[in-house]
Number of protein chains: 2
Amino acid sequence: MRYLIKFSYNGHAYCGFQTQPDLKTIQEELEKALKKINDNKKVKVQASGRTDKGVHALGQTAHFDLDIKITEHKLKRALNSNLPKDIHIIETVEKDSNFHARYMVKSKKYQYILNMGEYNPIEKDYVYQYNYILDIKMMERAIKYFRGTHDFRAFVTENVKKENCIRTISNVLIEKDKMNDEKVIITFEGNGFLRYQVRNMVGLLLKVGQKKIEPEKVKEILESCDRSKNGVTAPSEGLYLVEVKY
Amino acid sequence: MRYLIKFSYNGHAYCGFQTQPDLKTIQEELEKALKKINDNKKVKVQASGRTDKGVHALGQTAHFDLDIKITEHKLKRALNSNLPKDIHIIETVEKDSNFHARYMVKSKKYQYILNMGEYNPIEKDYVYQYNYILDIKMMERAIKYFRGTHDFRAFVTENVKKENCIRTISNVLIEKDKMNDEKVIITFEGNGFLRYQVRNMVGLLLKVGQKKIEPEKVKEILESCDRSKNGVTAPSEGLYLVEVKY
């Protein structure tokens, strides 16, 4: 029996989604909980994609196969009672055996949250505290260059030798939080994102917002396909995987 | 030189505000940071009052005397760079030597945050996850009995033998979060609160909201001055000291 799960996690205490030897990961916690439910037989979890150390998820997805038969409702409850408090199953759906949580993704939505107001220690691991004034209008001019289909090689981590870096960004938006106008939320939606791509795009946008570079420079860097032309990677605590669509 | 500080803290990792031998407290961290600034001479911090283990503050206040002279701005900066990331100085104000952060309090405001919607692991230490439906109208009927000047003996922790439990609650309010109507915020404002009083009032209000007791029962319990008539203490993670007025 194949199941799709939609789940959220607090990435602060984890070394990212994907299992790594001797490190605490979301995948390992999920597989540990599933093994208990699946009559102690190992279960392999296939997520929509990985997230890096410290990155959060409000709507990550994954699929797996169970040897037992269990209702959607009971599976949600059994998983949540076996998972640590920083991982939570929102929804479970029975699927055909040809469903694939990674290959069938239509789009993913990421959000990056910045706070330019007074630092709030409650949010220390959940927003990027940014103690500079940002020119949002300049950032809006820059952000439009990311929209569409591009080779995003200039926004991939340097040590990654990826064959195909062509991705389509369907929507990109920068807005102030409705409840607190000193908070800025940057939203990216697209058919897929490369490793560190969102955080590298945010890092460059912050340079634009600080007026260190012109918005048009973003276009130039994107077209250069050269990572060394780009700037800093924005820290993980501000990044959320918000939604995966099929 | 006497200074008043307004500060916020993430209470999750602390055993409350007040210094206790061998335990991690907010007061100890503040005094450690102040000692470094004050030419290595010990500084005694006097807060508006203590908060318990796990309780957060968005606007706690305290005063202390320094042997050195330092501008308000530099003191804020020096303190923040010497404090851990879960304590933050919002404001520093020079005061006359007769100012007292505890004795001169006019009112304090506390808020208690409940989430009745899907659990969000990002908020695990910052709201009380409450998986029952609450009848807000019933709670509104109950909450009005807290308003005014009463002997709150029935809402004090049982092992506390307090002489004077008379306090005045000037404002009490229950409302849904403007951004998320599955979140409920209960606000209490008054001239002072006894230990566990807010969490005990919230605990009883939750019984009303769950329709386990009638709103009128709150009046009866309050008038009984008997702690044993009351119910459970709501957990610390939902409680915030929001503001202290002088």
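Convention: sequence-line order gives letters A, B, ...; per-chain numbering from 1.
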Tell me if the [atom1] atom of [X] is crowded by more than 12 foreign heavy atoms within 6.0 Å.
X	atom1	value
B:Lys24	NZ	yes
B:Ile68	CD1	yes
B:Arg102	CZ	no

Practice task
Measure B:Tyr119 against the heavy atoms of chain A and call it side chain, backbone, both or neither at under 4.5 Å.
Solution key: both
Fill in the blank from the handout: Closest non-hydrogen atoms of B:Ile122 and A:Tyr9, given as atom of the first, atom of the second and distance, are CD1-O, 3.8 Å
Problem - Which of B:His12, B:Glu118, B:Lys124 touches chain A most, by non-hydrogen pairs under 4.5 Å - result: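 Ranked by contacts with chain A, first place is B:Glu118.
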Problem - Residues of residues 80-96 of chain A within contact distance of chain B, non-hydrogen under 4.5 Å - result: A:Lys85, A:Asp86, A:Ile87, A:His88, A:Ile89, A:Ile90
